[in-house]
Asker: 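Here you go, one structure.
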Amino acid sequence: MGQLQNFTKGFIRENPVFVLLLGLCPALGVTTSAFNGLGMGLATTFVLVSSNIVVSLIKNLIPTKVRIPSFIVVIASFVTITELVMEAFLPALFEALGLFIPLIVVNCLVMGRAEAFASKNNTWSAIIDGLGMGLGFAFALTILGGLREILGAGEIFGWSIFAGDGMLVFVLAPGAFIGLGYLVALNNIVKKKLDQNA
Amino acid sequence: MVMTLVIVAVAASFTLATVYNFTKGPIELAREAARQEAIGKVLPDFDELRTEYIMPVTGRDSLEFNLAYKDGQLVGVAVATYTAMGYSGRIRAMVGFTPGGEIIDVVHLEHAETPGLGDKIEKDKSDWSDQFQGFDPREETLKIKQDGGNIDAITAATITARAYCDAIDRAFQTFDANHPNLINKEKE
Amino acid sequence: MGGVHPPENKFAEKRSVERLEPPKSVAIPLSQHLGAPAKAVVGKGDKVQAGQLIAKGEAFISANIHASVSGTVAKIDGVIDASGYRKKAILINVEGDEWAEGIERDESLIEDSNLTAEEIIKKVYDKGIVGMGGATFPSHVKLKVPKGKKAEYLIINGVECEPCLTADHRLMMEKGQEIMVGASLQMKALGVDKAIIGIENNKPDAIAHLSKIAAGYPGISVEPLKVKYPQGAEKQLIKALVNREVPSGKLPIEVGCVVHNVGTAFAVYEAVQKNKPLIERVVTVSGSSVKKPSNFMVRIGTPVAELIEAAGGLPDDTGKVVNGGPMMGKALNDLNVPVTKGTSGILIFTEKESSRPPEQNCIRCARCLTICPMGLEPYLLSSLAEKQRFQDCEDERIMDCMECGSCLYICPSGKPLLDHIRVGKNRVGQMIRERSG
Amino acid sequence: MTEFLNEITLFSVISLGAIGGVAAIVLYMVAQKFKVIEDPRIDKVEELLPGANCGGCGLAGCRALAEAIVKAESLEGFNCPPGGNDVMQDIAKAMGWEAGEKTPMIAVVRCNGTREFAPPKVRYEGLMTCAFAHSLFAGEGGCPYGCLGCGDCVEACNFDAMYMDQETGLPVILDDKCVACGACVKECPRNIIEMRKKGKKDRRIFVSCINEEKGGLARKNCKVACIGCGRCVKECKFDAISMENNLAYIDFEKCTLCRKCPPVCPTNAIHELNFPPRKQKAEKAAAKEKEPGE
Amino acid sequence: MEYIIIIIGAVFVNNIVLAQFLGICPYLGVSARVSTSVGMSGAVMFVMTLATLVTFLIFHYILVPLNIEYLQTISYILVVASLVQMVEIILKKVSPALYQALGIFLPLIVTNCAILGVTILSVREDFGFNLLEGVVFAVGNALGFALTIILFAGIREHLDLMDVPKGMRGAPAALVVAGILALAFMGFANLV
Amino acid sequence: MKALTVSGSPHFHTEQSVSKIMYGVVFSLVPAMLVSFYFFGLPAILITLTAVVSCMAFEFIIQKYLIKGPLTIFDGSAMITGVLLAFNVPANLPFGLVVIGSAVAIGMGKMTFGGLGKNPFNPALVGRVFLMISFPVQMTTYPEPTAFTTKLTDAVTGPTPLTIIKDGVGRGESISSLMMQIPDYMNLMMGNLGGSVGEISAIALILGGIYMLLRKIISWHTPVAFLGSAAAFSAIFWLIQPEVYPDPVFHLFTGGLMLGAIYMATDYATSPMAPRGMILFGVGCGLLTIIIRLFGAYPEGVAFSILIMNAFVPLINRAFKPKRFGEEVKNG
Ligand SMILES: Cc1cc2nc3c(=O)[nH]c(=O)nc-3n(C[C@H](O)[C@H](O)[C@H](O)COP(=O)(O)O)c2cc1C
Ligand SMILES: Cc1cc2nc3c(=O)[nH]c(=O)nc-3n(C[C@H](O)[C@H](O)[C@H](O)COP(=O)(O)O)c2cc1C
Ligand SMILES: Cc1cc2nc3c(=O)[nH]c(=O)nc-3n(C[C@H](O)[C@H](O)[C@H](O)COP(=O)(O)O)c2cc1C
Ligand SMILES: Cc1cc2nc3c(=O)[nH]c(=O)nc-3n(C[C@H](O)[C@H](O)[C@H](O)CO)c2cc1C
Ligand code: SF4
Ligand code: SF4
Ligand code: SF4
Ligand code: SF4
Ligand code: FES
């Protein structure tokens, strides 16, 4: 698989949210708006890439028995760094994402990639993989956030699309599940079309 | 095996401590900036600010009273208040009073109310909270109309509106109870 | 519990039993009963007399087969029977109507018998008597109470709950005395002193007639029953008459009952008192467009086509011909199949009556579950079988299903419940056999 | 730099180090106490298997096969149809064993009773599965051996290697997709499908009928049934064809794919697959012979 | 009464899965069968209670006094990870059947936000829980998780027998079910 | 003679069919419909029509273009969903919202899972709750019942009895003083009270229920258990504190309790199959309804409680099987 494919697969074919169904909690929890989704996606990308780099660097130094705990510590460190930096410089976003920032640490996506990819590949591939997956994650969150924002509030990135209130459900918890459900279905269809063309 | 883990943990905590030390300053700055901004919104021009903490008439935690002076004159008091009656979790707000006790304005500091319903207390979501501007709690009652007060509730979010009134009322009651003290301070 | 009320359509209810002459040739299948096929004891070219043993049931569960006509054995070959498959049968060209020695053919009633239980059972076995209620289970096996068990009741099944069929009804009307004697013999064989004849309320004449006769036979009583399909099924009948439930996977003897059809009781009478083997039986030929719905006494092996001819011929709008009742019978794909010991009726459906309604989604109306006389969940069993989840089928007790067809009858969305369940039962049965080695 | 070495750093390092240390030690002790010995090779083998869990190996899924292989300490008698030889070689390599070559096999449908050759005589209504139709009667065409055409086998195939030909009403197997898992063979209630050697260049010759009835009877229901006339048996120089119960059977181990038998079959019951077209002359002769007589 | 309110709040009103969006991965992943979801619930309950107990102590007796709350995330995850591994090892020995059923999902508890989320929430300032309340809170959330996942598994088993349209089969239908379930649970709004 | 047909037994089939059952339900809804048309006038008629037409239209579109399966829009089930959805909203709901509700009910509530009989949740209630959460203002502004009117706008709106009680109790007023503000029980039974289109007349709904019982469309278990447990549970609270909790009769005849118990909790697809399961289901619904009415944020809890209990149905079906024949051997 070429590096380019390694990078692009995260968007549709192996989209972490739509296809792999990983990292769903933040995907549902913070996507009340496209902006929050994007912010969360980028924060996760940062953690993913950084921890991929470190894991691929230290993979040979760690005995297998404590591999997972060590990786977790690495990931947790980057999460804490993100937390601290965001609180210092982007306090509004920090407020909005709330609990879900520390929870990046348990995002199955991050751990999964560290385990399955970074610990077996060289640093360069790990970076590409992390970027691809991370951006795919951000892509999914932005779309879901956008959908919920449009339907729920009649806005997108804060820009008004139609006047009046939207359907409140989409801002609330059920809307997240429902929106994601139909997006996954849609992604399946798109993926099938792509596969047919390929 | 144990050693590796300890080493990783130590290395990680060292790195983190470094980052923490770096960001500690900016984080405090950001928090302070937010507070200042809120105070600025609910008070007229001032050149000096004194902060003290006063136990409220009701409630577990103390309130933060920011006494604002211009040319040595008390021009207003910004009270950071809270309520636990919100629809989900605590609501915190900054209420500005004139020295006489009239409300200058109210802004929210923190809340977890439902977007689209309870979040109408935010100034940029709705102008609902503008009705507090110039409200005199001595003349009128700081309660929603359903409860026999003078405040219009938020449609379909009565609970939030009631809670917001509760927070503001807590600030006012405490302000009122400590009124002589606060005015006296100005004379010192 | 459960049960349905399909339209009764008993067109031939009032038609007395007519005796049909033997046809030109008969085909007598070697497997007319539940259990192992009988072994032929005659060969091509042999001359046989009516009532002569032509195949011997040697296995534990098997039954003797006798020539139903006199003539020459043409060949022993595969003949399509009601199963739709070719099965081994003895084909006999009919020549005259000579009967084997010792068989009494006159109609006079012989009431007394001084045979012991063993001798009765031996006769029942010798004369190839099998259950006439549909399952064709060799009757002598049922009459031998297993060690450690005790029979308390003989139950005579005169329910005839299947719509359209009237063979048992006519038999009860015309051979009441004989049935009583047969039942008494069965009681003796079983060593019980109580026999109950269960008859549904839609046959008031039969209830009245038999009640009157039963007065003269100690221990035998007649019980009228509510009209409900499948009241005639063994376990349901026991429940209705003596309020006992036969446990899942167990035989009626578990609760001290043995059930025999009225036809069986009559056959037992004939075998024991008249030495007559089971070589003819009553068959109802009926259907909404049949010219002359009838009840015929016919020789085993007669082609079904001849019965239809005798009932006025095959109507033009025929869509389906069913061997047995409309609820449990088998659709025939060939009209030359022979009448066997288990053939209780030949029903002719018009084209309109013979299609099933189109299948729709199950609406989960719970009708199937409410009416299932075994307390099963047909909708669930059928979906599980459809999804090939046979282990789950077994856990849901699919093997308890007696294939009465009530569920498929009642389902408003036309789901082929019983079809799925049958496939499931087959596979589960296979699983169970594999498991036990 | 020193300004960052303040007490925060110190406390952080000490407490986190301690938490990590305590956690590790506790874990280590628990691990010692509750040790479960499981052969790590099972995981290794399982990883190499395709993970389709199709059951083609005859065991309950891939993990079961892995366990069985490791237990047996050899690959003898194990086969993973979807994975094929490659996987077996891989496992052998990983385990340090030898793997025997397996002859590639493929499923073939031994019925040619198309709607044309075996026209329907009755109308079937009800559940469209072969299993049920089989339990009910001989089939619309009347042949008690022939294909019922409801496609249970197609349904059973996990590899999309089969489809129902709507025109003929018979299933068709796709050479390049069938992995010889045998699911269809198991599924067919009439045992019509047989697993045969794939043959050189995918070429196969077989009798496309399993009807054991006598010639006349068989012919009555289906024009292309094997009538047990025995001409092919005589024709075969390699003793590959046997005759039992009025039915010819070609042993694929003995058959050399010489193509002599198909033309002599009077009912055209012998099929040849993936051969180049016959030469003109032979074809003519064959065509004359083969014309199914009424 | 206090404890009952905490539990009702956690189970119905602020259900961890349906309202807080925590632990969605196992919620979708391990809910295909009722039996496995019961096992998973048990594991989550055990780990969640234990983890909250330990992290509560760590937070209040190590992090707060030393002024290093910012290490919350990293220290918590260490504790959770080791706890899960311990449960895994013990389960493998004590109940191989359950271990087999949960299979790869036990390690997934580590990367399950429900556990970490609840441990962090239980020391949130505005709840002001004491130790016992914190633990009850954890139990309540675990019960909430159990309730939803078992209900959900029941519905998914039911859907298994239905022919859901191709495009919606699997995850999409499951997510819509979760959405409707969340809609229904809104009826509990403000119950406590 | 044509070819004989071969099929498995039985060869008889009931006269009942899906559409006969469904249209039977529609027929039984007619009295309630007439009462609501009387009290709410033209708007109620239009709302009902809109909902029915749009439900059937959405079912058609989805079956034809998305699922590409057989068309079943005339089996009557979409019509029931439409009628019941309309019955569950205020008569002055904007038509756009009715259409959205129908789309959600049919699209999300039903067709997502494959259509008739496969949906785990009651479609009409999914539509209603979706609207309730999305448009709380419009969904809680009820017109006052009047004699027949053709006016489409400017209906006088007012609180429903349940809202009066909920708000009043919230303010700390006593039940007896609040009861003065609501119609007497006779009027409540007839349907002269504020509320959703079809829920108002208990008498008409009970009439429809009796018709369905007689035609064996539904069994008594669910409605009786639902109403009984709601009455029993509310009675407990009422007996303890009659000034804080209204009496059971009030509960029975206000809000959607009758509509829910007779029509929505009995929906085949989303309720248990076995009688004992139905009873448990009904009791659960009644209990939750009263809990939500007395302690929750919403004045009415029928819709939520039925939806919540819908989620329990698969588990109930597992736990409460019909009594298997021969299970308990009672030899006597
Ligand atoms: C998911 C959900 C979120 C809600 N959020 C709020 C809220 O943030 N603030 C509020 O006052 N009411 C909220 N409500 C509504 C309240 O539960 C309650 O119905 C309402 O406050 C009653 O007020 P009303 O008299 O204005 O209708 C919410 C309801 C639900 C179901
Ligand atoms: C394997 C087998 C063994 C049986 N053994 C006995 C038996 O020992 N005693 C008895 O009374 N009936 C026995 N039966 C008969 C059944 O109880 C029953 O009468 C018969 O299967 C026909 O019943 P049906 O028409 O309701 O299906 C046996 C049946 C089977 C299949
Ligand atoms: C669904 C069903 C319906 C039956 N209906 C009758 C019936 O109406 N009359 C009858 O004699 N036997 C009926 N049987 C057969 C009885 O169960 C039982 O086998 C028979 O009465 C035993 O008597 P036999 O062995 O003498 O045939 C029915 C069986 C089943 C499974
Ligand atoms: C007794 C009965 C009650 C029904 N109740 C409802 C209902 O409450 N809501 C609804 O959408 N459909 C209802 N239907 C129609 C239909 O069953 C429903 O749309 C299914 O849920 C669709 O799968 C009902 C049908 C019957 C027979
Ligand atoms: S499941 Fe079996 S026993 Fe029950 S109704 Fe159907 S056919 Fe009869
Ligand atoms: S009778 Fe038919 S529609 Fe009703 S539940 Fe049974 S299978 Fe479904
Ligand atoms: S055609 Fe048969 S043998 Fe080949 S892959 Fe499919 S099921 Fe397996
Ligand atoms: S080959 Fe067998 S399984 Fe396949 S369609 Fe024919 S009969 Fe059915
Ligand atoms: S992201 Fe929450 S459990 Fe996976």
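Chain naming here is simple, since letters A, B, ... match the order of the sequence lines and numbering starts at 1 in each.
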Asker: Could you tell me whether the side chain of E:Leu78 reaches within less than 4.5 Å of the side chain of A:Ile72, counting heavy atoms only?
Answerer: no

Asker: Check whether A:Val110 gets within reach of chain E through its side chain, its backbone, both or neither, counting any heavy atom under 4.5 Å.
Answerer: neither

Asker: Between A:Glu83 and E:Tyr70, is there a side-chain heavy-atom distance shorter than 4.5 Å?
Answerer: no

Asker: Could you tell me the separation between the CG atom of E:Leu18 and the CG atom of A:Leu172, rounded to the nearest 0.5 Å?
Answerer: 13.0 Å

Asker: Considering only heavy atoms from C-beta outward, does the side chain of A:Val105 approach that of E:Leu116 to under 4.5 Å?
Answerer: yes

Asker: Go through the atoms of A:Leu186 and report whether side chain, backbone, both or neither lie under 4.5 Å from a heavy atom of chain E.
Answerer: neither

Asker: Flag the pair E:Met186 / A:Pro174 as yes when at least one side-chain heavy-atom distance between them is below 4.5 Å, and no otherwise.
Answerer: yes

Asker: Between E:Gly167 and A:Ala185, what is the shortest heavy-atom contact and its length?
Answerer: O-CB, 3.7 Å

Asker: Heavy atoms, side chains only, cut-off 4.5 Å: are A:Leu99 and E:Leu22 in contact?
Answerer: yes

Asker: Quick one: of A:Ala76, A:Pro26, A:Ala173, who has the most non-hydrogen atom pairs under 4.5 Å with chain E?
Answerer: A:Ala173

Asker: Please classify the contact of E:Gln20 with chain A as side chain, backbone, both or neither, using a heavy-atom distance under 4.5 Å.
Answerer: backbone

Asker: Let me know if A:Leu180 has heavy atoms under 4.5 Å from chain E in its side chain, its backbone, both or neither.
Answerer: both

Asker: Just how far is it from atom CG of E:Leu28 to atom CZ of A:Phe177, taken to the nearest 0.5 Å?
Answerer: 7.5 Å

Asker: Restricting to non-hydrogen atoms, name the atom on E:Ile24 and the atom on A:Cys25 that form the minimum distance, rounded to 0.1 Å.
Answerer: N-SG, 3.2 Å

Asker: Between A:Ser77 and chain E, which part of the residue has a heavy atom less than 4.5 Å away: side chain, backbone, both or neither?
Answerer: both

Asker: Nearest heavy-atom pair of A:Gly23 and E:Cys25: which atoms, and what distance?
Answerer: N-SG, 3.7 Å

Asker: Name the region of E:Ala19, side chain, backbone, both or neither, that has any atom closer than 4.5 Å to a heavy atom of chain A.
Answerer: backbone

Asker: Is it the case that more than 12 heavy atoms not belonging to A:Phe11 sit under 6.0 Å from its CZ atom?
Answerer: yes

Asker: Decide yes or no for E:Ile77 and A:Ile75: does some side-chain heavy atom of the first lie under 4.5 Å from some side-chain heavy atom of the second?
Answerer: no

Asker: Are the side chains of A:Tyr182 and E:Leu175 in touch, meaning some heavy atoms are under 4.5 Å apart?
Answerer: no

Asker: Side chain, backbone, both or neither: which part of A:Phe18 has a heavy atom under 4.5 Å from chain E?
Answerer: neither

Asker: Taking all non-hydrogen atoms of both residues, which atom of A:Gly29 and which atom of E:Phe21 are closest, and how far apart?
Answerer: CA-CD1, 3.4 Å

Asker: Using every non-hydrogen atom in the two residues, find where E:Cys113 and A:Val106 come nearest and quote the distance to one decimal.
Answerer: CA-CG2, 3.5 Å

Asker: Who wins among A:Val79, A:Leu103, A:Asn187, A:Ile178 for the most heavy-atom pairs under 4.5 Å with chain E?
Answerer: A:Leu103

Asker: Just so I understand: if I count every heavy-atom pair under 4.5 Å between each of A:Val30, A:Thr80, A:Leu183, A:Leu22 and chain E, which residue has the most?
Answerer: A:Thr80

